[in-house]
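The structure presented is a predicted model; accordingly, all values stated were derived computationally and were not measured. Positions are given from 1 along the sequence.
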Amino acid sequence: QYAHARICSILKQAEEKGLDIRLLPSYTRIDSEKAYEVLKQVANFSKVVVDAAEKRAPHLMTNYIQELAASFHSFYNAERVITDDREKSQELLAMVEATRITLANALNLIGVSAPEEM
């Protein structure tokens, strides 16, 4: 929940600075290992959902949420999302938004709210 709230705060700051989260033709500026780890976690969401359902193992979802949140926090502590480099900021914001959507969906699946503030 805290990761979701933190992401909402980042997105609000970006909006206040006039940055938008739109699809870009390419994503070439994301270059950190921590960002790649977050992206790998996001991409793994559908597999985890299927595995949790097929194996009747809801703990796989809670583990996934914890791992995604930890990956995001690690990324956030290592790298600034909103910088003077507008293009890179927009790419990172798109990644952050994908993370927010994934966290919200995962939390919803286990019946937990995804607050915008804490």
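The OG1 atom of T99 sits 13.0 Å away from atom CZ of R6, with the distance rounded to the nearest 0.5 Å. Rounded to the nearest 0.5 angstrom, T62 OG1 and I110 CD1 are separated by 6.0 Å. Within the model, atoms CD of Q13 and CG of L93 stand 10.0 Å from one another, a figure rounded to the nearest 0.5 Å. The structure places CD of E33 at 6.5 Å from NZ of K40, a figure rounded to the nearest 0.5 Å. Separation of atoms CG (N44) and CG (L39) is listed at 12.5 Å; rounding is to 0.5 Å. Remark: E15 CD to I10 CD1 distance equals 14.0 Å, nearest 0.5 Å.
Residues E16 and K12 are in side-chain contact: their nearest non-hydrogen atoms beyond the backbone lie under 4.5 Å apart. For the pair V49 and Y64, the minimum side-chain heavy-atom distance is 4.5 Å or more. V96 places a side-chain heavy atom less than 4.5 Å from the side chain of F72. Side chains of F75 and L92 form a contact here, defined as non-hydrogen atoms less than 4.5 Å apart.
Contact between L68 and V38 at its shortest, heavy atoms only, is CD1-O, 4.2 Å. Residue V48 comes nearest to L60 through the heavy atom pair CG1-O, 3.6 Å, listed as atom of the first residue, atom of the second, then distance. Contact record, I82 with A14: CD1-N, 3.5 Å, taken as the closest heavy-atom pair. Summarising the geometry of K88 relative to R29, their closest heavy-atom pair is CE-O, 3.5 Å, with the distance given to 0.1 Å. Taking every heavy atom of both residues into account, S71 and Q41 meet most closely at OG-CG, 3.7 Å. Here the shortest heavy-atom pairing between M61 and A52 reads CG-CB, 3.9 Å.
There is no path of hydrophobic side-chain contacts, each under 4.5 Å, that joins I101 to L109. V81 and Y36 fall within the same hydrophobic cluster, where Ile, Leu, Val, Met, Phe, Trp and Tyr residues are linked whenever their side-chain heavy atoms come under 4.5 Å apart, directly or through other members.
The closest donor-acceptor contact from the side chain of E91 to the backbone of T28 lies under 3.5 Å. Using a distance-only test at 3.5 Å, with no hydrogens or angles considered, a donor-acceptor pair links the side chain of S89 to the main chain of T83.
Within a 6.0 Å radius of CG in D84, other residues, nucleotides and ligands contribute 12 heavy atoms or fewer. Atom CD of E117 has 12 or fewer neighbouring heavy atoms from other residues, nucleotides or ligands inside a 6.0 Å radius.
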Worked check of side chain to side chain donor-acceptor pair (under 3.5 Å) between S113 and Q1: CA-CA 7 Å; S113 66; Q1 286 180 311; 3.0 Å; yes
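Of the charged side-chain nitrogens involved, at least one lies within less than 4.0 Å of a carboxylate oxygen, so that R100 and E97 count as a salt-bridged pair.
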